[in-house]
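Everything below concerns the one structure shown next.
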Amino acid sequence: MIQLYNSLTRKKEEFKPLGEEVKMYVCGVTVYDDSHLGHALSSIVFDVLDRYLEFRGYKVKKVQNFTDVDDKIINRANADKVPWQEITEKYIESFFKSSDGLNVRRATVHPRATEDMPEIIELINRLIDAEAAYELGGSVYYRVRSKSDYGKLSGQNIDEMIEGTRNEESRKEDPADFALWKAVKPEEPNWDSPWGPGRPGWHIECSAMAFKHLGEQIDIHGGGLDLIFPHHENEVAQSESASSKTPFAGVWIHNGLLRTTGATMSKSLGNAFNVNSALEEFSSDAIRLWILQSHYRTNPLLDKKLIGDAERSMRRIRQAVEAVPVVSEKSLDPEPFKRRFVEAMDDDLNTPQALAAIFDLCRKMNRTRADGNDVSSAADLVRELTSALGFNLAAPPKKVESLNDSEVGALVQKRKDARAEKRWGDADAVRDQLDAAGISISDTGDETEWTRK
RNA sequence: GGCGACGUGGCCAAGUGGUUUAAGGCGGAGGUCUGCAAAACCUCUAUUCGGCGGUUCGAAUCCGCCCGUCGCCUCCA
């Protein structure tokens, strides 16, 4: 039984999808800049959820949108003096490059707001018909007072909320009403609608795309903790008002946000935040391990040192799996570790505990292999479990300009000769040279093996 | 003002009433192996969970107060 924490009820609940196929919607990014490690965190968390559900035998349909019309995009286009479509194309491409680099599986569908305009307009019409929305000067607003349980997701109360907001000049019926459709402003991208030219408000696209690609009721809705209010709150309201079906989403899952340590970190934020540059320095596995060693609802600490630590930890797993197999009658039964893993993951994706099971298994493998046991089925299990968490067990990127294989081979031979003649000083000098080039060597009996670090 | 999160070893981080005198990772110390290393393995590295009270046979885990850190309420994964 899989239990997941539901932000709506603030409790762990048994996961029960409505149908055969799990319908999961994850809020995507607004494409106006490169992805940073905060996006990576969210991508990885929902990638793990997707993969784990599949590991547990579910079929998953995952939808993740691109918000490709928005103030920030328009501003960026103006700043760069290019058409806004050029901005969105560029950063959608960048997003995929980052996610692919992070070994995040693509969603089943990646819809774009601008491509589902008819559905967005139709949904707004339904809301007007249901008297949950009203037109005003070419814009359309959602009437928050029309839904008695408005605020249930974020625990906000409309009246208390209004006190905290600044009182902007507006003719809206209620200050808390939010825009479903924004009337066109000069020089802005716009689409025709029954209320005149304009563009969709931020929240409506997600409801429209969820309805279109998954249906009016979905199993899982995910996103960052920072989206609970107003975005997800408004999404629930408009979706349930339009469909008259409750709940819109069976479980709301929110990942924690990245945390940084004071002033020291902020200096290097620029680079540390960019996923593509982080991937030049660290393996995708290290980035993923750094994130999954914390629970997804906590706020992981962003610190390059920790990602470096994770890189070393990954090497332990890789080495255990890749070690030369022993052929033997005796073998290690890894089942208890699999049970531990499943039990941990079933409990609201407790990845730190799941990883502890994997690390323990790796140690057990090394120990029992040394005692002459066949650990190949254990190695297969480690591959299976790490893969369910999205690790690819690939080596980290090369840090320095490295030697090619034949150059390494020549140096290894040179050292071998030196060792045979017990010229230890010469042998160690070659080893230092290789080490500086990112090659580590190990002597096992007469053989010398080398690997790129 | 409103909603909410957090404070566990040198660092990161699970655990949320007894099987935990607290998992796992990184780092550190010693050892085995090795020409020396690397890797691996073994041992050690919090009698203690921000502080003070309380509930209980029993608390890191529940309650109260205090101290500290942080997020959201405006764009944000």
Side-chain angles (χ1 to χ4, degrees), chain A residues 7 10 26-30 32-33 35-46 64 67 70-72 75 151 153-157 159-166 168 176 202 222-231 233 254-262 289-290 292-295 297-301 303 305-317 319-320 322-323 340 344 347 350-360 362-371 418-419 422-425 427-428 431-432 434-435 440-445 448-451 453:
Chain A
S7 302
R10 296 168 199 227
V26 179
C27 277
V29 294
T30 301
Y32 69 101
D33 206 346
S35 298
H36 58 238
L37 285 173
H39 298 116
L41 162 62
S42 188
S43 298
I44 288 169
V45 165
F46 291 103
Q64 183 175 32
T67 297
D70 166 271
D71 287 343
K72 287 192 293 282
N75 294 342
L153 181 65
S154 57
Q156 304 274 348
N157 162 300
D159 295 310
E160 284 169 353
M161 233 167 52
I162 291 168
E163 285 179 34
T165 58
R166 38 193 94 114
E168 57 196 71
W202 177 32
L225 214 51
D226 52 347
L227 294 178
I228 289 183
F229 191 89
H231 188 235
E233 190 69 72
H254 291 99
N255 61 270
L257 306 177
L258 229 42
R259 171 172 53 106
T260 53
T261 51
L289 181 64
W290 157 62
L292 297 182
Q293 275 191 311
S294 303
H295 183 84
R297 273 189 290 109
T298 62
N299 305 124
L301 185 62
D303 184 339
K305 182 192 165 290
L306 294 174
I307 307 178
D309 288 351
E311 194 80 83
R312 284 184 284 281
S313 305
M314 280 317 298
R315 198 155 60 201
R316 270 172 64 73
I317 296 177
Q319 253 148 2
E322 289 165 5
R340 257 178 80 189
D347 183 15
N350 192 331
T351 53
Q353 284 292 354
L355 286 162
I358 291 173
F359 280 112
D360 280 344
C362 287
R363 180 180 301 108
K364 184 107 180 191
M365 282 165 66
N366 289 330
R367 196 188 307 163
T368 50
R369 186 193 307 102
D371 293 341
R419 291 184 74 219
K422 298 196 191 301
R423 287 184 282 113
W424 306 126
D428 291 349
R431 185 168 61 202
D432 291 345
L434 286 165
D435 188 66
S440 61
I441 55 176
S442 69
D443 303 314
T444 46
T448 295
E449 292 181 10
W450 63 271
T451 49
K453 281 191 273 197

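Quick caveat: nothing in here was measured; it's all calculated off a predicted structure. So you know, we letter chains A, B, ... as the sequences are listed, proteins then strands, and number each from 1.
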Which residues satisfy the salt bridge (charged side-chain N to carboxylate O under 4.0 Å, His left out) test with A:R369, sequence neighbours excluded?
none
Toward the 5' end of RNA chain B, which comes first, A:R367 or A:H231, by nearest nucleotide?
A:R367
Should stems be defined as at least three consecutive Watson-Crick or G-U pairs with both distances under 3.5 angstrom, which of them involve RNA chain B?
B:1-7 with B:67-73, B:10-12 with B:24-26, B:27-32 with B:40-45, B:50-54 with B:62-66
Closest approach to the side chain of A:R363, judged atom by atom: which nucleotide of B:rA39, B:rG24, B:rC11 is it?
B:rG24
Check side-chain hydrogen bond (donor to acceptor under 3.5 Å, both in side chains) between A:Q156 and all other residues, then give those that pass, not counting sequence neighbours.
none
Among B:rG25, B:rG35, B:rA77, the nucleotide that comes nearest once only the side chain of A:D428 is considered
B:rG35
Selection from B:rG15, B:rG35, B:rA77 that lies nearest to any side-chain heavy atom of A:S42
B:rA77
Atom of A:L227, atom of A:C27 and distance for their closest heavy-atom approach:
CD1-CB, 3.7 Å
Grab the N/O contacts between the protein and nucleotides 26-28 of chain B below 3.5 Å, and write none if there aren't any.
unit_1, atom_1, unit_2, atom_2, d
B:rC26, O3', A:R312, NE, 3.2
B:rC26, O2', A:D309, OD1, 2.6
B:rC26, O2', A:D309, OD2, 3.2
B:rG27, OP1, A:R312, NE, 3.1

Report yes if a donor N or O on one partner sits less than 3.5 Å from an acceptor N or O on the other, where the partners are the side chain of A:D347 and the base of B:rG15; otherwise report no.
no
Side chain A:N366 and base B:rC42 donor-acceptor under 3.5 Å:
no
Looking for any heavy atom pair under 4.0 Å, which part of the strands does A:D443 touch: base, sugar-phosphate only, or nothing?
base
Measuring only the C1' atom in each nucleotide, how far is B:rC12 from B:rG27? A whole number of Å is fine.
11 Å
Could you walk me through whether A:E233 and A:S154 pass the side-chain hydrogen bond (donor to acceptor under 3.5 Å, both in side chains) test, one step at a time?
CA-CA 6 Å; A:E233 190 69 72; A:S154 57; 2.5 Å; yes
Which nucleotide sits closest to the side chain of A:R419: B:rA14, B:rA37, B:rC36?
B:rC36
Interatomic distance where CG belongs to A:L257 and P belongs to B:rC70 [whole Å]
15 Å
Filtered N/O pairs between nucleotides 2-9 of chain B and protein, under 3.5 Å:
unit_1, atom_1, unit_2, atom_2, d
B:rG2, O2', A:E160, OE1, 3.1
B:rC3, O2', A:S154, O, 3.2

Between A:D435 and A:R431, is there a salt bridge with N-O shorter than 4.0 Å?
no
Could you pull out the closest heavy-atom pair between A:R316 and A:F359, with the gap in Å?
NE-CD2, 4.2 Å
Quick check: does any side chain N or O of A:T351 sit under 3.5 Å from a backbone N or O of A:L292, one acting as donor and the other as acceptor?
yes
Tabulate protein N/O versus nucleotide N/O from nucleotides 17-20 of chain B, keeping only pairs under 3.5 Å, one per line.
none

Heavy atoms only, 4.0 Å cut-off, all strands: where does A:I441 land among base, sugar-phosphate and nothing?
base
Interatomic distance, A:K364 NZ vs B:rG24 P [rounded to whole Å]
13 Å
P-based separation of B:rC49 from B:rU21 [nearest Å]
13 Å
Using a 4.0 Å heavy-atom cut-off across all strands, classify A:L227 as base, sugar-phosphate, or nothing.
sugar-phosphate
